[in-house]
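The analysis underlying the following values was restricted to heavy atoms, covering all of them including side chains, and did not include hydrogens, waters or symmetry mates. Atoms within a ligand are numbered from 1 in the order they appear, just like the ligands themselves.
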Amino acid sequence: MAEVETGEVNADLPSGGCLIKMLCDNALFIAGFVVVVAIVAKFKLKDWRQRWFAAFCDSMSKHVDAKREIMKNDLFASMQTHQSHDPELRKINAIKVLEIGVGTGMNFAHYPEGTRLTVIDPNPHFKQYYNENRKKFPNIHSEDIIQTTGEDMDMIPDNSIDVVVVTLVFCSVQDTIKILKNILRILAPGGKFYFYEHIKEFNPKKHPIRSLLQTILTKTCIWPFMLDECCLDRDMLHALENAGFSKVEAERFYVEIDHFVFQIIEPSLKGVAVK
Ligand SMILES: C[S@@+](CC[C@H](N)C(=O)[O-])C[C@H]1O[C@@H](n2cnc3c(N)ncnc32)[C@H](O)[C@@H]1O
């Protein structure tokens with residue numbers, strides 16, 4: 001009895017030859033299907049990752065780290081007395097600032113009263129959080145986010161900006177040198193570039209585990225995949241020193257972070273470069 005049943009089932013299955021013939025007959029259709037699925041996955045996945053990252057940054061921004069704010073107060077202090085290149089703005093003691101990679105708008109509290117703020121960011125999902133945040137700072141004349149990257153900001157005219165601010169962005173960019181060139185192009189003579197970035201461990205002998213983890217998590221793409229291309233193994237100081245600024249004041253330091261997981265981004269670089 002069992003042998004008869006087995007024989008009947010086998011008779012219904014296509015033979016290996018039939019299966020290959022069926023695949024060959026439909027090869028064009030199958031190839032088209034695979035291409036469509038791959039394209040949808042690529043763009044949708046990017047969209048989902050960007051959406052998740054914006055929501056993640058927003059939730060992190062709710063726990064403003066007091067020590068990091070003190071560090072930023074110190075870093076941005078000289079912005080308060082910076083004079084605009086524009087005579088009209090100088091009359092009212094205001095400056096024109098461009099923030100690259102504004103995200104949710106974590107630096108609003110550090111801008112001088114009356115700042116004219118232009119902002120760019122490639123991730124469209126930050127708009128809702130940024131717009132919500134900017135309402136809390138009516139003293140800053142902030143514009144809508146221009147959706148673009150620091151590599152591609154031709155819409156910002158040459159010599160038009162008094163101060164450029166970039167915080168925690170260079171870890172994710174495609175082309176650091178291109179962005180630095182753009183910053184030099186758009187800054188007015190004497191204009192300042194303020195930066196604060198997490199960087200690769202600069203004392204690996206003292207912190208070998210952190211250094212190793214930064215390498216593994218970045219090279220395996222685990223960290224970049226989770227956090228919108230963020231890399232843990234970068235340090236832009238050399239590129240900055242060779243970019244053509246008239247003066248660069250930079251300091252590598254450790255910012256204190258309470259959250260255990262994020263202690264991996266304690267090694268940092270901050271400073272001011274002058275055009
Ligand atoms: C970790 S968030 C930092 C946001 C904000 N600057 C802050 O300090 O909270 C990184 C930001 O850089 C943006 N970004 C990534 N690549 C960029 C690029 N090539 N040019 C400009 N911004 C970029 C991301 O969309 C995101 O808003």
Side-chain angles (χ1 to χ4, degrees), residues 46-73 75-76 79 97-111 117-134 136-137 140 142-156 161 163-183 185-186 193-199 218 223-232 234 236 239 255 257 259 261-262 264-271:
K46 185 172 178 215
D47 187 64
W48 290 333
R49 282 172 60 207
Q50 286 190 325
R51 194 182 290 273
W52 134 256
F53 185 62
F56 169 77
C57 288
D58 179 57
S59 91
M60 292 298 283
S61 71
K62 303 274 185 316
H63 316 281
V64 175
D65 190 303
K67 286 178 198 132
R68 202 186 293 201
E69 284 306 290
I70 292 170
M71 179 277 291
K72 279 191 184 179
N73 276 339
L75 171 65
F76 294 136
M79 208 190 293
V97 175
L98 170 76
E99 183 168 346
I100 299 174
V102 69
T104 58
M106 288 293 284
N107 295 320
F108 269 115
H110 300 280
Y111 292 134
L117 181 66
T118 303
V119 297
I120 69 166
D121 201 292
N123 182 341
H125 301 294
F126 274 112
K127 275 183 191 161
Q128 53 174 315
Y129 305 115
Y130 166 83
N131 286 336
E132 204 48 50
N133 205 11
R134 70 198 272 212
K136 297 179 212 153
F137 298 90
I140 307 297
S142 54
E143 295 170 9
D144 289 343
I145 296 183
I146 303 171
Q147 195 190 325
T148 189
T149 62
E151 289 91 338
D152 182 17
M153 42 182 192
D154 292 350
M155 69 295 285
I156 314 285
I161 303 288
V163 161
V164 170
V165 171
V166 185
T167 60
L168 303 175
V169 173
F170 279 95
C171 54
S172 335
V173 305
Q174 298 268 325
D175 192 337
T176 297
I177 292 173
K178 200 167 178 189
I179 296 180
L180 292 173
K181 273 191 186 145
N182 268 336
I183 291 173
R185 177 183 66 75
I186 62 175
F193 165 39
Y194 290 80
F195 52 90
Y196 154 53
E197 294 292 326
H198 68 81
I199 56 172
T218 307
W223 193 272
F225 183 81
M226 296 295 293
L227 298 171
D228 198 23
E229 306 306 332
C230 171
C231 297
L232 298 163
R234 292 190 182 174
M236 65 163 202
V255 70
I257 297 178
H259 196 294
V261 172
F262 289 96
I264 200 162
I265 60 164
E266 281 189 341
S268 303
L269 178 74
K270 67 174 178 180

### Message
Parallel, tilted or perpendicular: which one describes the rings of Phe262 and His259, with boundaries at 30° and 60°?
### Response
perpendicular
### Query
Among protein heavy atoms, which sits nearest to atom 27 (O) of ligand 1, and what does the distance come to when rounded to 0.1 Å?
Asp121 OD2, 2.5 Å
### Query
Distance-only, no hydrogens or angles: does the Glu99 side chain make a donor-acceptor pair with backbone N or O of Val165 under 3.5 Å?
no
### Query
Can His198 and Glu266 be counted as having a side-chain donor-acceptor contact under 3.5 angstrom?
no
### Query
Do Phe108 and Tyr130 have their ring centres less than 6.0 Å from each other?
yes
### Task
Would you indicate which of Gly101, Gly103, Cys171, Pro122 comes nearest to atom 6 (N) of ligand 1 when only heavy atoms are counted?
Gly101
### Query
Using the ring of each side chain (for Trp, its six-membered ring), is Phe56 parallel, tilted or perpendicular to Trp52, with breaks at 30° and 60°?
tilted
### Query
Are Asn107 and Thr167 close enough that a side-chain donor and a side-chain acceptor fall under 3.5 Å?
yes
### Query
Which one holds for Thr167 and ligand 1: side chain close, backbone close, both close, or neither close, with close meaning a heavy atom under 4.0 Å?
both
### Message
With heavy-atom distances below 4.0 Å as the criterion, list the atoms of ligand 1 near Asn123.
### Response
25 (O)
### Query
If we only count N/O pairs under 3.5 Å, is Gly150 in contact with ligand 1?
yes
### Task
Taking only heavy atoms of Leu168 into account, list the atoms of ligand 1 that are under 4.0 Å away from them.
1 (C), 2 (S), 3 (C), 10 (C)
### Task
Return yes or no for this condition: an N or O of Gln174 is under 3.5 Å from an N or O of ligand 1.
no
### Query
At under 4.0 Å between heavy atoms, which part of Ile100 makes contact with ligand 1: side chain, backbone, both or neither?
side chain
### Query
For atom 12 (O) of ligand 1, what's the nearest protein heavy atom and its distance?
Val169 CG2, 3.6 Å
### Query
Which word best sums up how the rings of Phe126 and Phe53 line up, parallel for under 30°, tilted for 30 to 60°, or perpendicular for over 60°?
perpendicular
### Atom CD of Glu143 with >12 non-hydrogen neighbours under 6.0 angstrom
yes
### Task
Have a look at Ser172, Cys230, Cys57 and point out the one with the heavy atom closest to atom 15 (C) of ligand 1.
Ser172
### Task
Look at atom 9 (O) of ligand 1 and say which protein heavy atom is nearest, naming residue and atom and giving the distance to 0.1 Å.
Met106 CG, 3.3 Å
#### Entry: Structural part of Glu151 in contact with ligand 1, heavy atom criterion under 4.0 angstrom
side chain
### Message
Would you compute the distance between atom CG of Leu269 and atom CZ of Arg234 and round it to the nearest 0.5 angstrom?
### Response
14.0 Å
### Message
Is the contact between Glu99 and ligand 1 made by the side chain, the backbone, both, or neither, using heavy atoms and a 4.0 Å cut-off?
### Response
side chain
